Every structure is written in structure tokens, then in C-alpha cells.
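The analysis underlying the following values was restricted to heavy atoms, covering all of them including side chains, and did not include hydrogens, waters or symmetry mates. Chain A is the first sequence line, chain B the second, and so forth, proteins listed ahead of strands; every chain is numbered from 1. The structure presented is a predicted model; accordingly, all values stated were derived computationally and were not measured.
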There are 2 protein chains.
Amino acid sequence: MSVFAHHTHDFASDPDTALAAADAFFQKTGVRFTPLRRRVFEIILRAGKPIGAYDILERLRDHGKIAAPISVYRVLDFLIEQRFVHRLATINAYMACVTPEDPHAAQFLICQSCGSVTEISDQAVDKAIAEGARTAGFRVSYPLVEIMGVCADCARDGKA
Amino acid sequence: MSVFAHHTHDFASDPDTALAAADAFFQKTGVRFTPLRRRVFEIILRAGKPIGAYDILERLRDHGKIAAPISVYRVLDFLIEQRFVHRLATINAYMACVTPEDPHAAQFLICQSCGSVTEISDQAVDKAIAEGARTAGFRVSYPLVEIMGVCADCARDGKA
DNA sequence: ACGGCATTTGTTATATTGTATCATGCGTGC
DNA sequence: GCACGCATGATACAATATAACAAATGCCGT
Ligand SMILES: [Zn+2]
Ligand SMILES: [Zn+2]
Ligand SMILES: [Zn+2]
Ligand SMILES: [Zn+2]
């Protein structure tokens, strides 16, 4: 049976709380959480689901900001580096981490029917990967696990 | 401890054997293994490591073939569908499957130092993922596992 | 406050990866 | 031969990501 990390806050479901937490975190660490970085993070949070870099760009422009793709990608790199955002390689999209202040290996359940993505942190998966890599003499820096399929809601509704 | 699938042939290391096996397989199944499809597969095999779609295109052209990207992508879709090729989402590249005739969930060890990729089939990883997804009520269609890190060779040589 | 320095952002241009659409070829069976 | 289905060609374009250099901004020691 799998063991999931316990989350007291699900940041992704409450943008305001997540933003406040980010403010506090960066205040504490002294890392610069500039207006642009904050706005991009807010856009990602309010999207409520994975969002593409060019969608972020559009929403920046909606807010009167003239920006180029590179600006968005730079901020994304920053947010990923700071563990507040995950990148989903399979669908070229970005989403807010549910527990940014707790270092973790994550797995993503990507629904091919409705496009929703659920972040989980299953230690059994992480342990199995670590062990498999170790057997091959491979030193893991980042284990990417993106599980394509159909979410519970869509399966129930027979959408797929 | 991890359990690896046992391979009598490592197709990726012997292009001629792999091609002959593919010929036989498609002969048997009646699926059309056209000259273009065969040539693309051969290019992927001879690359010996993951290769990008546009690199495949270049090599097609080297062989006097005038082709457009779409042709390559169509063939790639076919080869992936037939399980002879895997796509690596993390690095946007394609590589030959080591055991195409044996349906399997695969994991990929991607070396960030030398670019080599090793395909493994660790049942413990696959089981853990299946169990984690089941707990979330998620129906898995394709579990993508791409493990970034440093391979044994590079770690030994201190390349990273 | 000022000057020097590092970091961040802007600007412009370009690279890389992947698709859409319609036309053409080509083999299989009637 | 002809109709059909599948594979490929041809042309155009969309989507994603990066390079290179300039300008702005914040930080820090004086
Ligand atoms: Zn996370
Ligand atoms: Zn769904
Ligand atoms: Zn394989
Ligand atoms: Zn290596």
C-alpha cells in the first residue's frame, strides 16, 4: 500500500494562501520575489490546472504588461528552481507545486480526457526508482514520473 | 530488490539483428513495414542513442531522400504504436526499444553528462506506480518514467 | 547620497519541435 | 480497369523554447 505525504495546505486550491506563503518564504530566504515573478506565479496558481508558457504570456499581456516569451521562461526557470512550480514535460505545461516548502519527489497523474493533473508524492514509487537506478549504478538527480491515463471523475462519468 | 526483465537480445546494440527481427515481425503480423518506415527505423537503430526527429530527417536526406518533417513524425508515430520505438519526452528524442516484441512498461535512465540513455524494465517501479494510481482512482494508460542523472561511466570518470 | 556591481528585465531575432491540409501515388481486391 | 484504403509528398504553418545584447533596477560599501 502506498504512503502519501500529508499536506496541511493544498496551495494549488487556494491562490491567495499560496501567494501569501510564497511572500513569507521569499521574505525569509531573502531571495527576490519580484513583481513579475509574483504575477507569473499568481497566474499559474489561478489557472488551477497546468498552463502553457504562451498562455501565461497572454495573461500577462491582458494585465497591460508587454512581455516576450523569454521573460516568461526565465521566470519559470526561477520558480522551478525555487520548487514553487513543476514542469510537465509530457504536455509542455507548468503547474504550482502543492507543497513547495517541503522537498519531495513528485508524480503526476495526467488525465487524457479532461486535462486535469494531480500531483502526488508516493514514497513507494520514489523508493523503487531510487533502488532501480542504484542497481544500474546511476546517480539520480531528478526522477520524472508522468502517468498518462484517465482520472477518477472521467472514468466514473464515462468520458473515456 | 529490483527485478529486471531478462533480454536474450539487446536489439539496440545490433542494428542488423534488430532490423531482421522487425522484418520477420511485420511479415508475421501483416502490418506494412514500408521502405520509408524501415529506413527510419534503421536510422534510429544505427544512431545507437536517442535521436531527434530533425536529425532523422537530415539523415534521410543524406541518403538522397527528399522528405518533410511530417513524414518523419508519421513514421515515428507508427513505430511507437508498434512498440519498436520509444519517445523520450524530456529530451524530445526517439530511441529503439530493446525488446519490442515483449510488451513492457519501461523506465529510462538519462545521463545529463554524456547524453546516453538506458532503457530498463523494473517491475517494482511499475507495480508501485500502478498501486499509487489505483489508490487515486486513476486508470493508467501509459506510465512515463524518465530518470535524469549521471550514468555509471560518467560518475566513475568524474565527468559529473 | 553616490558609485560600482550583480541581478533582473527588455528588445529583437532566431532556433527547435511538431501539425494541418490537400494532393498524389500505390497496392489490393472486385 | 476501377474503386477503395492506406501511405507518402508538398506546402504552409503553429507551438515551444533559446541566443545575444541592451537597459533598468536593486543592493551594498563608502
Ligand atoms: Zn510538488
Ligand atoms: Zn479527467
Ligand atoms: Zn522498450
Ligand atoms: Zn554518462
What pairs of donor and acceptor atoms, side-chain ones from residues 59-79 of chain A against any protein atom, are under 3.5 angstrom apart with sequence neighbours left out?
residue : atom : partner : partner atom : Å
A/R61   : NE   : A/A67   : O            : 3.4
A/R61   : NH2  : A/A67   : O            : 2.6

For residues 33-57 of chain A, dump all side-chain donor-acceptor pairs below 3.5 Å to protein atoms at least two apart in sequence or in another chain.
residue : atom : partner : partner atom : Å
A/T34   : OG1  : A/R37   : N            : 3.3
A/R37   : NH1  : A/R32   : O            : 2.7
A/R38   : NE   : A/D23   : OD1          : 2.9
A/R38   : NE   : A/D23   : OD2          : 3.3
A/R38   : NH2  : A/D23   : OD2          : 2.7
A/E42   : OE2  : A/R46   : NE           : 3.1
A/E42   : OE2  : A/R46   : NH2          : 3.0
A/R46   : NH2  : A/D16   : OD1          : 3.0

Ignoring hydrogens and angles, write down the donor-acceptor pairs under 3.5 Å from the side chains of residues 86-93 of chain A, residues two or more places apart or on other chains.
residue : atom : partner : partner atom : Å
A/H86   : NE2  : A/E119  : OE2          : 3.0
A/R87   : NH1  : A/Y94   : OH           : 3.0
A/T90   : OG1  : A/E146  : OE1          : 2.3

Scoring nucleotides 10-18 of chain C by protein non-hydrogen atoms under 4.0 Å (B base, S sugar-phosphate only, - none) yields BBB----BB
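To the nearest 0.5 Å, the span separating SG on A/C97 from CD on A/Q82 amounts to 12.5 Å. The CZ atom of B/F108 sits 9.5 Å away from the CD1 atom of B/I120 when rounded to the nearest 0.5 Å. Distance CZ/A/F138 to OG1/B/T118: 7.5 Å, rounded to 0.5 Å. Interatomic distance, A/Y142 OH to B/I147 CD1, rounded to the nearest 0.5 Å: 12.0 Å.
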side-chain hydrogen bond (donor to acceptor under 3.5 Å, both in side chains) between A/Q107 and A/S121, intermediate numbers included: CA-CA 6 Å; A/Q107 300 90 38; A/S121 186; 5.5 Å; no
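The distance between atom CD of A/E81 and atom P of C/dT8, rounded to the nearest whole Å, is 11 Å.
Closest non-hydrogen pair, B/S113 versus B/C154, comes out as OG-SG, 3.5 Å. Among all heavy-atom pairs drawn from B/V150 and B/A155, the shortest one is CG1-N, 3.7 Å.
When DNA chain D is scanned in the 5' to 3' direction for atoms under 4.0 Å from non-hydrogen atoms of chain B, the outermost contacting nucleotides are D/dA7 to D/dT11.
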Mind listing the N/O atom pairs, protein and nucleotides 24-30 of chain C, below 3.5 Å?
none

